[in-house]
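Numbers restart at 1 for each chain; the letters A, B, ... are given by sequence-line order, proteins then strands. Any value given below was found using the heavy atoms of this structure, including those in side chains, with hydrogens, waters and symmetry copies removed. Nothing here was measured: the structure is a model prediction, and the numbers come from that model.
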Amino acid sequence: MITTKDLTKVYTSRGGRTTALRGVDLHVREGEVYGVVGTSGAGKSTLIRCVNMLERPSSGTVTVDGVELTALPGTEQRAGRELRAARQRIGMVFQHFNLLASRTVQQNVELPLEIRGLDRTARRRRAGELLELVGLADKAQSYPKQLSGGQKQRVGIARALAGDPRVLLSDEATSALDPQTTRSILQLLRRLNQELGLTVLLITHEMDVIKSVCDSAALMREGRIVEAGPLTELIATDGSALARELFPLSEFGAGHGGSTVVEVTFQGDSSGRPFISQLARTYQIDLNILGAAVETIGGRQVGRMRVELPGSHQDNVVPIGYLREQGLQVDVLTENGTLA
Amino acid sequence: MTWDEMQPLLQDATVETLQMVGIATLVTLLVGLPLGVLLVLTDKGGLLQNRPVNKVVGAIVNVGRSLPFVILLVALIPFTRWVVGTSIGWQAATVPLAIGAIPFYARLVETAVRGVDGGLVEAVHAMGGSTWAVVRKVLLPESLPALLSALTTTVIALIGYSATAGTVGGGGLGNLAITYGYMRFETGFMVVIVIELVLLVTLLQLVGDFLSKRLDHS
């Protein structure tokens, strides 16, 4: 649904050149919630703004819903007619909501419809439906300043959906909100994704956002995507940095000398099986569980456990093989707790 | 002079002042507002970035702003005569009044429009809006309270200018103050005129502030 190919963005200013994107290939499938995560300055904001050409990439292509936006004429300040038409099918929500203070909630939601040239009655009806959808029908005549942050973002979402977009871009939509409001906004995004089949591309610096709402994720660092894929696959990838951050066990103990520490990750149906006691029984091993956690990631139950096995790695090849046969993902850590 | 003598003079002069200030305000609004918006749009990084236009408009505005009104009044006499057909009376005074106020208001408009959050412009771009949509849906409505405050300031400045215009035959309250208060030593009449001006300005400021506050939802 959204594809970028070898996207680069270089800013030139009097102070010199800053490279924000260094060849980004992004592929967001239709109907999924895709999260791009990274620290500030990683280039994720530039990336999402390049998707609807609020910023023109220096090179590379952006294709949204089959339309190659980079091929459409216009500048950052002035978009051509075709690009404007394409943008009407891409909704966007912002960190600071960007609602017009001079308009009521309803008038804010009507704005994109005015731009599309819908008549008054049609606009009013559509705005009513959208406010109903985001649960703010009773606030239609309020002004933005009378709303809380979460309510403002709901208006922002309703406005972004006004043009029946197939794609929603979310630029740190929950970063200005408290944890509880963040959760309710993310739930709303998830619901819209499921009910409307909306493809959502969001950027965030919070792993929790990725964990609670995304199907797929990409990790950005210094203008590059260093890792990307569906969360369930990432979790099952040995040495995935994203999985490690999604699911940190670092606070757990690292074991003792002369033992082998492994991290066992299990998801879906395998989470129900008593593999640890089977292992202990089958191989007569005294296992030491250093830590464990179970979380819901991408809508699936995922668990991770750090287990200490007596003896060196060599001594434990057979039990580790047994665990892998059970369909579990096993990462072997050295004595000091880092990946072997 | 008795009040009965003053009253009809005062009434006529007030009407004249209001007429010339009113017409000058209208012209100022019609020309100054687009000019101010143009200054923002054509500036570096603006939506219609255009260095030559920006420089030329900016220079004209600066020249207009730096000329003392009395000089403008005299310098514009040929132009005034061409537009109105005469250089005497309140009708003639509207021309230099408007010309003097346009750059003044344009600069205030520029400041007001610059105060609009860039995020809103971006939001309209993201929903597929054109530059015209940005101006009409965001820049003007969002800066409306500030634009109105700026207009109040301009109208009050125009009342001041109109008194100056009155001293050189422009009619209105200024003319009255000069001919009676100054030339005929009618100090009492002078005081009455001053009081009226103070009341007029105060009233305008109050109304302007009230409306501006009413329109401000931020």
Side-chain angles (χ1 to χ4, degrees), chain A residues 13 48-49 51-55 74-105 107-117 142-147 155-156 159-163 165 167-171, chain B residues 33 37-54 109 111-151 210-218:
Chain A
S13 64
I48 201 166
R49 290 158 54 82
V51 169
N52 63 356
M53 301 284 113
L54 285 180
E55 299 201 26
T75 61
E76 271 172 18
Q77 271 84 23
R78 280 180 88 187
R81 202 162 42 84
E82 292 154 296
L83 178 55
R84 280 189 270 124
R87 278 175 174 167
Q88 290 178 0
R89 296 188 298 272
I90 305 172
M92 190 171 194
V93 287
F94 304 88
Q95 178 175 6
H96 298 294
F97 325 120
N98 292 349
L99 300 177
L100 274 67
S102 59
R103 287 174 169 243
T104 62
V105 163
Q107 288 167 339
N108 264 289
V109 177
E110 284 186 22
L111 181 56
L113 304 171
E114 285 173 29
I115 288 170
R116 284 178 119 196
S142 303
Y143 283 92
K145 77 158 175 192
Q146 297 165 302
L147 305 180
V155 178
R159 181 178 71 177
L161 295 177
V167 172
L168 183 70
L169 306 177
S170 163
D171 185 359
Chain B
L33 186 64
V37 174
L38 194 68
L39 278 172
V40 177
L41 293 181
T42 56
D43 196 14
K44 195 159 168 270
L47 299 181
L48 301 174
Q49 185 173 324
N50 188 325
R51 225 176 147 70
V53 172
N54 191 264
V109 169
T111 312
V113 172
R114 262 187 221 292
V116 176
D117 179 6
L120 302 178
V121 175
E122 201 166 275
V124 170
H125 277 160
M127 57 181 80
S130 60
T131 303
W132 176 233
V134 169
V135 171
R136 212 160 46 102
K137 308 284 185 189
V138 178
L139 296 184
L140 294 180
E142 287 293 304
S143 60
L144 191 58
L147 291 176
L148 195 69
S149 289
L151 192 66
F210 173 76
L211 288 176
S212 179
K213 209 163 277 175
R214 264 307 276 278
L215 291 168
D216 193 0
H217 298 288
S218 62

Quick one: donor-acceptor pairs under 3.5 angstrom, chain B versus chain A?
from: B:Gly119; atom 1: O; to: A:Asn98; atom 2: ND2; distance (Å): 3.0
from: B:Glu122; atom 1: OE1; to: A:Arg49; atom 2: NH1; distance (Å): 2.8
from: B:Glu122; atom 1: OE1; to: A:Arg49; atom 2: NH2; distance (Å): 3.2
from: B:Glu122; atom 1: OE2; to: A:Arg49; atom 2: NH1; distance (Å): 2.5
from: B:His125; atom 1: O; to: A:Arg87; atom 2: NH1; distance (Å): 3.4
from: B:Lys137; atom 1: NZ; to: A:Glu114; atom 2: OE1; distance (Å): 2.6
from: B:Glu142; atom 1: OE1; to: A:Ala101; atom 2: N; distance (Å): 3.2
from: B:Glu142; atom 1: OE2; to: A:Ala101; atom 2: N; distance (Å): 3.0
from: B:Glu142; atom 1: OE2; to: A:Ser102; atom 2: N; distance (Å): 2.8
from: B:Glu142; atom 1: OE2; to: A:Ser102; atom 2: OG; distance (Å): 2.6
from: B:His217; atom 1: NE2; to: A:Tyr143; atom 2: OH; distance (Å): 3.3

Checklist entry - Given that the side chain runs from C-beta out, which part of A:Ile90 has a heavy atom under 4.5 Å from chain B: side chain, backbone, both or neither? => result backbone
Next on the checklist: Given heavy-atom pairs under 4.5 angstrom as the criterion, report whether the side chain, backbone, both or neither of A:Leu99 touches chain B.
Outcome noted: backbone
Checklist outcome for this item: Taking every heavy atom of B:Ala133 against every heavy atom of A:Ile115, the minimum-distance pair comes out as CB-CG1, 4.3 Å
